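Reviewing the structure listed below.
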There are 2 protein chains.
Amino acid sequence: MSPRRHSQERAPSQIDVARLAGVSAQTVSRVMSGQPQSVRPETARRVLAAVDELGYRVHAAAASLASGRSRILGVIIVSTDRYSSAALGVGIEQAAAANGYTVTTAAVPDHASSEAFLDAFDRLERQGAEGIVLGVPVELDSPAMRTRTERTPSTRSERTSMDPDAPHAVDQRAIARLAVDHLLDLGHTTVWHVAGDTFWLESDQRREAWEEALRERGITPPPVIPGDWTPESGYRAGRTIAEIPSATAVFASSDEMAFGLIRALHEAGRSVPEDVSVVSVDDIALAAYASPALTTVRQPFEAMGRAAALRLIARIEGKDAVGAVPDVHPELVIRASTAPPRA
Amino acid sequence: MSPRRHSQERAPSQIDVARLAGVSAQTVSRVMSGQPQSVRPETARRVLAAVDELGYRVHAAAASLASGRSRILGVIIVSTDRYSSAALGVGIEQAAAANGYTVTTAAVPDHASSEAFLDAFDRLERQGAEGIVLGVPVELDSPAMRTRTERTPSTRSERTSMDPDAPHAVDQRAIARLAVDHLLDLGHTTVWHVAGDTFWLESDQRREAWEEALRERGITPPPVIPGDWTPESGYRAGRTIAEIPSATAVFASSDEMAFGLIRALHEAGRSVPEDVSVVSVDDIALAAYASPALTTVRQPFEAMGRAAALRLIARIEGKDAVGAVPDVHPELVIRASTAPPRA
DNA sequence: TTGTAGGCGTTATCAG
DNA sequence: CTGATAACGCCTACAA
């Protein structure tokens, strides 16, 4: 069982190419790794011709074993179909490919235990990942995690208080700030908050910043309304808020929740933005097509992914720069879900 | 530059473990690969203890080189943040992990040339992928592609006329059928169609089936309105349709387009579903929170991903079954965007 | 510019 | 049930 190859015999190796081209295996290696100045053009041409004829391709595992470098970037993601994960992934892939790296993923269930994370980490290390992007809310403080991140460079895609030294990650507190200030500047006297899944570090960061922003203006924050990123949870939150006549402004931690929230508000006879203003976070593709179109704080997911990968690659290669790291500032996009409170 | 390891010295190897446990390397190998009956429990325990103490982990590249099996599944995806890609990915990952496989991805830009696909395929083969999931609309008919798929088992996640022998992929024609029949059964006299990006095989399949379904009932299909999956394109299509008073039913090829479509219709003073009914495809998380909630044909993306991966693994291992392949029938979800035409 | 020797960490094979 | 030995395909180091 488990046949080694699927059709015919074994794949052509460096030696096969060398023989056909009439050179040594080493020369083939040099040509494949593209060191221009070390092989005579004519020789290179012969090698390339042989490569082509045989359909030779470098065996990554062998190369990795011999060189000690895998050029593999690991990504730990949670098994969800959330827009953000996908967009982040696109950015990571892109930066990796641009630098000759390959991306290997390890998924963990949503709300997984820290053992599950460690396990994913281990799987990635076993595959030879030289760096790992943490797309999940892992506690980096545990001893087990510490030994791992010490051994294999790792990075987050968002900035949290856990690693404030990640200058190229999105500042979650700034996001809350942008949302709250916008609402307050519009004239609302307070802002309610529908939080994201508390399992995620971002949720707390935003909640704290929301509270802080309110207090700074001398406002006592109303109770937090829990959510979990999903439109369903937003809907539930909306039903709660609909029963609070004094609530005129809400900061929801994700666009998807805003969709649910607004639906609930409408069903309860409260219109948006006339009766209550809503600002959310993410700016997913559909945000502009909600009814009303969502005012939201955009997170540049793709750029965040690129930034995380580049950061990692720079660390792996010990360089300071691997191309310009993209800007990842959050940005308030004003559309139709916010307005001044009714006079 | 390019240090081989990042902290201290080299990682512990099989031999280190063997020495510590007082056994041969081969025994360590046996224990690691979990062949229960071939090692005495007591010996295994000693080995495991050594493994634990040293923090040993199998070096995948070395194992792959020696065994000829990488247990890597490749996935070619297009760089988009579409919900479907993410959900598909989740399913693939899941099935792969459950069977001890690792997933490596190669992204190609949307609308990439076939060279770009071949390139992605090659990258994956170089990494040692034993099977490849094609999450992109590749032409499988070219000679270049044929040699590759012959060498490395590959599969699609959707069923198309190109490979009608994929019984576990979603039947795109059935999707269109479900949509059109629902609308016609409601009493509409014809159904307009907003197509998906023609770059994708699904688009054509659905368009054809839509046409067929109409003709079967003696209806001449109206002209197709082009789209590209995005809400923006749906919006544009909506403006067109709004100017056709006789249009009372629309089949849009994606939920995202339906969002844009409905927005345009509303802006033109035509209400949904009173004036025009809309059914779309996918049933993304937000479909239920559109205004009105979308009647849509659900594609079980996660199950599709799982099915594709399982299919592939079965082929790789030459087995007939690797656990039950999930059902991937599309399903009509009736919500509020469809109704009988006005009397 | 090119070639030779040696070894990377693991598994297959065969012997005991 | 356990061990010795020989690959696996490539790259580093050094020699020519």
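Chain identifiers are assigned alphabetically (A, B, ...) following the order of the sequence lines, protein sequences preceding nucleic acid strands; residue numbering begins at 1 within each chain. If you're wondering where the values come from, they're calculated on a predicted model, not measured in any experiment.
- Partners of B:D81 under the salt bridge (Lys or Arg N to Asp or Glu O under 4.0 Å) rule, at least two apart in sequence or in another chain, do not exist in this structure.
- To the nearest 0.5 Å, atoms CG (A:L134) and CD1 (A:I77) are separated by 12.5 Å.
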So A:D119 and A:R123, salt bridge (Lys or Arg N to Asp or Glu O under 4.0 Å) or not? Walk me through it.
-> CA-CA 6 Å; A:D119 201 67; A:R123 254 146 53 210; 3.3 Å; yes
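- As judged by a 4.0 angstrom heavy-atom cut-off over every strand, A:T43 is placed among residues touching the sugar-phosphate backbone only.
- For A:S29 and D:dC11, the shortest distance from a side-chain N or O to OP1 or OP2 is below 4.0 Å.
- A side-chain donor from one of A:Q127 and B:T102 sits under 3.5 Å from a side-chain acceptor of the other.
- Protein atom CD of A:Q127 is 17 Å distant from nucleotide atom P of C:dG9, rounded to whole Å.
- Screening residues 44-53 of chain A for side chain to side chain donor-acceptor pair (under 3.5 Å) gives A:E42-A:R45 as the qualifying pairs, with residues at least two apart or on separate chains.
- Sequence order on DNA chain D of the closest nucleotides to B:G22 and A:L65 puts B:G22 first from the 5' end.
- For the pair B:L54 CG and C:dG9 P, the computed distance is 13 Å after rounding to whole Å.
- Helix-axis bend for the helix from C:dT1-D:dA16 to C:dG16-D:dC1: the local axis fitted to the five terminal pairs at one end deviates from that at the other end by 30°, rounded to 10°.
- Close to C:dG9, at under 4.0 Å from its OP1 or OP2, lies no side-chain N or O of B:S13.
- Checked by atom type, the side-chain pair A:Q94/B:S79 shows no donor-acceptor distance below 3.5 Å.
- For B:S67, no side-chain nitrogen or oxygen approaches OP1 or OP2 of C:dA12 to under 4.0 Å.
- Put simply, CD on A:E42 is 14 Å from C1' on C:dT2, counting in whole angstrom units.
- In plain terms, the two heavy atoms of A:A112 and A:F199 that are nearest each other are O-CZ, 3.3 Å.
- Comparing atom distances between the A:A63 side chain and each of D:dT2, C:dT10, D:dC10 picks out D:dC10 as nearest.
- For the pair A:H59 NE2 and C:dC8 C1', the computed distance is 14 Å after rounding to whole Å.
- Only at 4.0 angstrom or more do the heavy atoms of residues 45-53 of chain A sit from any atom of DNA chain D, so none qualifies.
- Considering only residues two or more places apart in sequence or on other chains, B:F121 meets the ring-ring contact (aromatic ring centres under 6.0 Å, His included) condition with none of them.
- Here C:dT10 presents its C1' atom at 9 Å from CD of B:Q26, a figure rounded to the nearest Å.
- When rounded to the nearest whole Å, the span between CD of B:Q14 and P of D:dA4 equals 13 Å.
- Close to C:dT2, at under 4.0 Å from its OP1 or OP2, lies no side-chain N or O of A:S24.
- In this structure, CD1 of A:I15 is placed 9 Å from C1' of D:dC10, rounded to the nearest angstrom.
- Taking atom CZ of B:R30 as the reference point, atom P of D:dC1 lies 10 Å away to the nearest angstrom.
- Nucleic acid contact class of B:V23 (heavy atoms, under 4.0 Å, all strands): sugar-phosphate only.
- One finds the OG atom of B:S29 at 5.0 Å from the CD atom of B:Q14 (value rounded to the nearest 0.5 Å).
- By the side-chain contact (heavy atoms from CB on, under 4.5 Å) test, A:L48 pairs with A:V31, sequence neighbours left out.
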